[in-house]
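Following: one structure in structure tokens, then a few remarks.
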Amino acid sequence: MTEQKIDAHGIQSSPSHRYDAGLANRIEKRWQQWWDEHQTYRTPDPGDADFDPDRPKFYCLDMFPYPSGAGLHVGHPEGYIGSDIISRYKRMAGFNVLHPMGFDAFGLPAEQYAVQTGVHPRVTTVKAIDNYRRQLKSFGFSYDWSRELATTDPDYYRWTQWIWLKAYGAFFDRKLGKARSIDQLRAELDSGARLVDGADWAAMEPSAQEEYIDSHRLAYLGFQTVNWCPKLGTVLANEEVIDGRSERGGFPVLRKPLRQWMFRITEYADRLLDDLQLLDWPESTRTMQREWIGRSEGASIEFPVGSDSLEVFTTRPDTLFGATYMVVAPEHPLVDRMLAEGGSNELRDYVMHARNRSDVDRMADSKEKTGVALGIDAINPATGRPIPVWTADYVLMGYGTGAIMAVPAHDERDHAFALAYQLPITRVVDGGGDLGQSACTGAGLVMASANEEISLDGLTTDEAKVSIIEWLEAGGMGRRHVNYKLRDWLFSRQRYWGEPFPIVYDSNGRHYPVSDAALPVTLPDLDDYEPIESDEPTPPLGKATAWVETTAGEAGVDPTILPPDTPVRRETNTMPGWAGSCWYYIRYCSPHAQDRFITPEAEKYWLLGDREEPSSSAAVPGEESFDLERFKIGGVDLYIGGAEHAVLHLLYARFWHKILFDLGEVSTPEPIDKLFHQGMITSFAYRRGDGSLVPIDEVEENEDGSHTETATGAAVEQIIAKMSKSLRNVVNPDDVVEEYGADTMRLYEMYMGPLEASAPWNTRDIVGVHRFLQRVWRLVVDEETGELRFSAAPDDDVERQLHRTIQKVGDDIERLAFNTAIASMIEFVNCATGTGVSAEQFDRFVRILAPFVPHFGEELWHRMGHEDSVACTDWPSFDESMLVDDLIEVPVQILGKLRSRISVPHDADESVMETAALADERIAELLEGKTVRKVVVVPGRLVNIVAN
RNA sequence: GGGCCCGUGGCGGAAUUGGUAGACGCGGCGGACUUAAAAUCCGCUGAGGGCAACCUCAUCUGGGUUCGAGUCCCAGCGGGCCCACCA
């Protein structure tokens, strides 16, 4: 290996065996190929010949990328590098490590890109995946590529459809609090079980029975108001709508009633909420999920309106006596009825205006309270007095019942509305300020709340809640009620690039499932896959007439359900992009299984692992003595990915997992044990005095570190911003790999700061870690000859430093503190430079370095004469006694101020340290004429003398 | 408006349980090597003072707890993220 070194200026330079970008790139290519050939990172499954069942498992998962045409962003690899380091470390530490990678390839962006470029999404997706795979391999990640999957593979989405059918064929048994097969429900009803709502099953028409069954499915066809985005030509889940605009693209979203496939996720609200405390997840993410589920306790109360009644949900039933009017949402059925019965022009205008306004506009002038009286009264069940019913857009149809009792004295929104329309304000809770100014929303003592049957006066608001609910329940006017913000999950999309539903309809519009054996229902190849931008949802799959119009037999419907020659139409909606990512972590465990979505053996080993059911006697989650540290929920041991998925993907995946758990298909109640969010890689940008931003290439740095805009010479301020094309501060990982090598880039990204923190990319800093690798290289490689050279006898200081470094790096990897792990390795090399290391010492050092820079580590490992991969060796051990020096230097403080240092044996006890401190010349001098009141000694750390 | 997180040198950051603030890296300054430069190696690098040993100040600001506070508590200022008319 004697290549000529030519630098950027064409000048021959540097020794031929220097670790520079050229050499790094050659080393990296060579080892990537060698790993592929030797299947170094293949992970054996239970049952495989080379599987070692005695090793504990570690399932380390990355959020798989969505392959876009742009290729990997420099922020993508950050989490992947972290998970790769810990995977390599765990493997060396004796674990069977499952570390897979795949591609989330169905969904809107791929389709939008296809529409823009006119190239079929199948083609662009394959191309994008190839590019992503190439880039991922260029970083030397230790993925078991034999497990690679894409959600667009028919072999994969076959099981996505299968899981959906499982939910279609299941219902939520509220008594047991879990899902069961809907066939069991039918069988129990047939054998005389009573319906919850008291209806007589045996007396029902067959069609009514079917309707009843259908209305209990976990995956069901629901007619509801959904988020319709005309620009995207599809409906969206609540989670995909931000401030009235689509999460993707930011287009306006309208509310529209439609018949769509839904998931009954609301049945799981309590379990999704309660089980959050079992998870070793960032508190912020658990809080977001809690808020998204939005559980509130309160009461449901009926207000008589004529012969009918109006139901409201309230968290403040204790203020019922203060309800002086009611408000319904403009979309409320009562409003429709009033309009049908005439209604004022004012009402008509208001309702039309409110309904036609998109949610965006509705929020733009929030707080500004408007409304119109319906012209009817309801009866306050507590006071017996009539109160007017209004409609106003500050009440939302999507929450509670779409109607409220307004208590202006004790609710700010009601207060503002009452002031605007001169509605009466009646105080029923003591305390607070002037009700003419603001509402009194706090707790207090209830007053002016009594009728012939009940008095709440003098009770605390908490006590009053209990009393009034008892009274309402006794009178059949209301009941305790728990309400959730969480809505059922809209699962249909009017798009081409997604999983088809395994469902067909007969001529009466009844739906039938495709049998498991007929899966997958493959997505037909359409030339014209463009979404149809319209006011009415029109799925593009409808254009595949030959595919849509078929027979029950052709589609694979069980012949005992429907005769094979029955003409049927296929469902033309597709599943949303979230579907595939809900369960991919399961498929990785046995990606090639043909007859199961996961084999029982793989499920038991990779997901269940050594998880123990929390026994009934042990502390349970929620109790103070519960120790999350020792509690393993099973599933994925470590999941690394961005915080942007805190609600959507991570809530959906938990939901699917719980369905599969209930149905006995998986054996852990949660999919992810520990979750970690990596921070964002940002970039520097520059801001003018007027606040406008300047692209990075139009700015010059001055000698004093300040910055000026090149064109104008005006001073600009350096700020931190997201990478963006317009600021021209986007970094392409391919360029960095070419310029410094992948190992340097890996090291740089890990050295930027804590993995969970955002940090700005600073190209200038990369040379620091590159120089570190060069120093390691030079420590043992002769740059002129390429020969290795070691010191014959190990140096004692270097040896101690090595033990400390081995311990620190191991600890730091365990807590994902890669930046400080690298710093300690730099310190080791600084310590060994000049002194030199023995071959045996370097053998250990290269093993702790290799997880960070695998190609570099592998190269030196093999140069040292090893035949196998450094990835398959053991993590080196350290000796406790080597961690501390015999003599340590300890600070001596007087009144907390550092005054001197003493040298004492590392295990010196308090009296020895105190004596040594007081005997110190400088200390004795400073203490002259003072009285020592107290001496604080922290063995091994410091001495603090209190004297005056 | 509500919730959560965070403010440390010129810059990225370290300080794991309250115990020597600024590890490590970048940048900067000085030196060695070199005809010269690059690369490399060595030294210095929070501010102020002193010939020096050292001293004073210093972790956004102001209080507090403590022998001792970057770390804990209270108040304020600044920044980030999330939610936001949720009854």
Side-chain angles (χ1 to χ4, degrees), chain A residues 7 9 11 13-15 18 20 242-243 282-285 287-288 290-292 294 296 298 312-316 327 362-363 366-369 392-396 398-407 411-414 416-417 483-485 643-644 646-647 680 684 701 703-706 718 720 748 751-754 756-769 771-772 774-775 778 783 808 811-812 815 817 819-820 822-827 830 833-834 889-901 922 933-938 940-947:
Chain A
D7 73 10
H9 308 286
I11 300 163
S13 65
S14 65
R18 170 158 297 172
D20 58 12
I242 315 270
D243 290 343
E283 191 48 50
S284 59
T285 300
T287 302
M288 281 168 69
R290 251 179 233 123
E291 286 175 356
W292 187 263
S296 340
V312 303
F313 171 73
T314 177
T315 55
R316 295 296 304 274
V327 186
R362 208 152 143 176
M363 278 169 208
S366 63
K367 308 289 183 234
E368 191 81 20
K369 298 278 182 297
D393 64 4
Y394 82 89
V395 172
L396 310 172
Y399 184 76
T401 62
I404 61 155
M405 66 176 209
V407 185
D411 180 280
E412 275 164 22
R413 295 148 302 175
D414 298 344
F417 192 78
N483 197 61
Y484 300 90
K485 281 193 219 171
E644 67 274 17
V647 177
M680 204 191 327
F684 289 120
E701 182 167 357
E703 284 196 5
D704 63 351
S706 67
Q718 189 178 55
I720 287 167
Y748 170 65
Y751 195 58
M752 290 172 79
E756 66 272 26
S758 292
W761 184 273
N762 192 354
T763 302
R764 194 162 70 183
D765 288 345
I766 300 175
V767 297
V769 289
R771 286 204 279 246
F772 163 63
Q774 289 182 323
R775 284 161 63 94
R778 208 158 30 233
E783 291 191 329
K808 172 108 177 112
D811 278 2
D812 283 354
R815 50 186 197 100
N819 54 331
T820 50
I822 294 166
S824 72
M825 288 189 286
I826 296 175
E827 278 184 271
N830 289 348
T833 300
E889 197 176 72
V890 167
V892 181
Q893 300 178 333
I894 296 175
L895 287 170
K897 283 185 193 289
L898 178 68
R899 286 298 182 242
S900 185
R901 293 185 177 85
R922 242 185 80 67
R933 306 266 172 213
K934 186 175 166 188
V935 179
V936 181
V937 180
V938 184
R941 297 228 64 145
L942 61 46
V943 179
N944 188 14
I945 301 164
V946 187

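The analysis underlying the following values was restricted to heavy atoms, covering all of them including side chains, and did not include hydrogens, waters or symmetry mates.
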(message) If you assign each of A:Met405 and A:Asn830 to its closest nucleotide in RNA chain B, which residue comes earlier from the 5' end?
(response) A:Asn830
(request) Search all heavy atoms of A:Asn944 against all heavy atoms of A:Leu895 and return the closest pair with its distance. (result) OD1-N, 3.4 Å
(message) If you define the side chain from C-beta out and look only at heavy atoms, does anything of A:Lys485 sit under 4.5 Å from A:Tyr399?
(response) yes
(request) Rounded off to whole Å, could you give me the CD-to-C1' distance for the A:Glu827 and B:rG25 pair? (result) 11 Å
(request) Answer whether the closest heavy-atom distance between the side chains of A:Tyr748 and A:Ile822 falls below 4.5 Å. (result) no
(request) Check whether more than 12 heavy atoms from other residues, nucleotides or ligands sit under 6.0 Å from atom CD of A:Glu412, and answer yes or no. (result) no
(request) Would you give a per-nucleotide map of nucleotides 11-18 of chain B, 5' to 3', where B means the base has a protein non-hydrogen atom under 4.0 Å away, S means only the sugar-phosphate does, and - means neither? (result) -SSSSB--
(message) Below the 4.0 Å mark, does B:rA39 have OP1 or OP2 next to a side-chain nitrogen or oxygen of A:Arg778?
(response) no
(message) What's A:Leu942 touching, base or sugar-phosphate or nothing? Going by heavy atoms closer than 4.0 Å.
(response) base
(message) Both distances below 3.5 Å, Watson-Crick or wobble geometry, any strand: find the nucleotide opposite B:rG43.
(response) B:rC29
(request) For B:rC72, give its Watson-Crick or G-U wobble partner with both distances under 3.5 Å, or none. (result) B:rG64
(request) Choose from B:rA87, B:rC42, B:rG3 the nucleotide whose nearest atom is closest to any side-chain atom of A:Asp411. (result) B:rA87
(message) Looking at A:Phe417, I'd like to know if the NZ or CZ of A:Lys369 sits under 6.0 Å from its six-membered ring centre while staying within 45 degrees of the ring's axis.
(response) no
Which protein N or O atoms sit under 3.5 Å from an N or O of nucleotides 81-83 of chain B?
none

(message) Please encode protein proximity along nucleotides 62-69 of chain B as a string of B, S and -, counting only heavy-atom distances under 4.0 Å.
(response) -----BS-
(request) Report the distance from atom CD of A:Gln774 to atom P of B:rU40, rounded to the nearest whole Å. (result) 6 Å
(request) Select base, sugar-phosphate, or nothing to describe what A:Glu412 touches, counting heavy atoms under 4.0 Å on all strands. (result) nothing
(request) State the syn/anti category of B:rG49 according to its glycosidic angle, syn meaning within 90° of 0. (result) anti
(request) State whether A:Arg922 places a side-chain N or O below 4.0 Å from either non-bridging phosphate oxygen (OP1 or OP2) of B:rC55. (result) yes
(message) For A:Met752 versus A:Ala759, what's the shortest heavy-atom pair and its separation?
(response) CE-O, 3.7 Å
(message) Looking at every heavy atom in both A:Phe313 and A:Thr401, which two are closest together, and how far apart are they?
(response) N-OG1, 4.0 Å
(message) Only pairs with both distances under 3.5 Å count, Watson-Crick or wobble alike; so what is the partner of B:rG48 in this structure?
(response) B:rC55
(message) Could you tell me the Watson-Crick or G-U partner of B:rU35, where both distances fall under 3.5 Å? Say none if there is no partner.
(response) none
(request) For A:Ala823 and for A:Glu283, find the nucleotide of RNA chain B with the closest heavy atom, then tell me which residue's nucleotide is more 5'. (result) A:Glu283
(request) Taking all heavy atoms of A:Arg775 and all of A:Thr833, pick out the closest pair and write down the distance. (result) NH2-OG1, 3.8 Å
(message) B:rU20, OP1 or OP2 - any side-chain N/O from A:Arg899 closer than 4.0 Å?
(response) no
(request) Return the nucleotide paired to B:rA23: Watson-Crick means purine N1 to pyrimidine N3 with N6-O4 or O6-N4, wobble means G-U with N1-O2 and O6-N3, both under 3.5 Å. (result) none
(request) Tell which nucleotide pairs with B:rG1, taking only Watson-Crick or G-U wobble pairs whose two distances are both under 3.5 angstrom. (result) B:rC83
(request) Verify, without hydrogens or angle tests, whether A:Arg899 (side chain) and A:Arg922 (backbone) share a donor-acceptor contact under 3.5 angstrom. (result) no
(request) Measure the shortest side-chain to side-chain distance between A:Arg815 and A:Thr820 over non-hydrogen atoms and say whether it is less than 4.5 angstrom. (result) yes
(request) Apply the side chain to side chain contact (heavy atoms under 4.5 Å, CB included) test between A:Val327 and each candidate in A:Val395, A:Val312, A:Asp414; give the one that qualifies. (result) A:Val395
(message) Just N and O in the side chain of A:Arg771: are any of them under 4.0 Å from OP1 or OP2 of B:rC26?
(response) yes
(request) Taking the side chain as every heavy atom from C-beta outward, state whether A:Ile766 and A:Trp761 have any pair of such atoms under 4.5 Å apart. (result) yes
(request) Please tell me if the side chains of A:Lys808 and A:Asp811 come closer than 4.5 Å, counting only heavy atoms from C-beta onward. (result) no
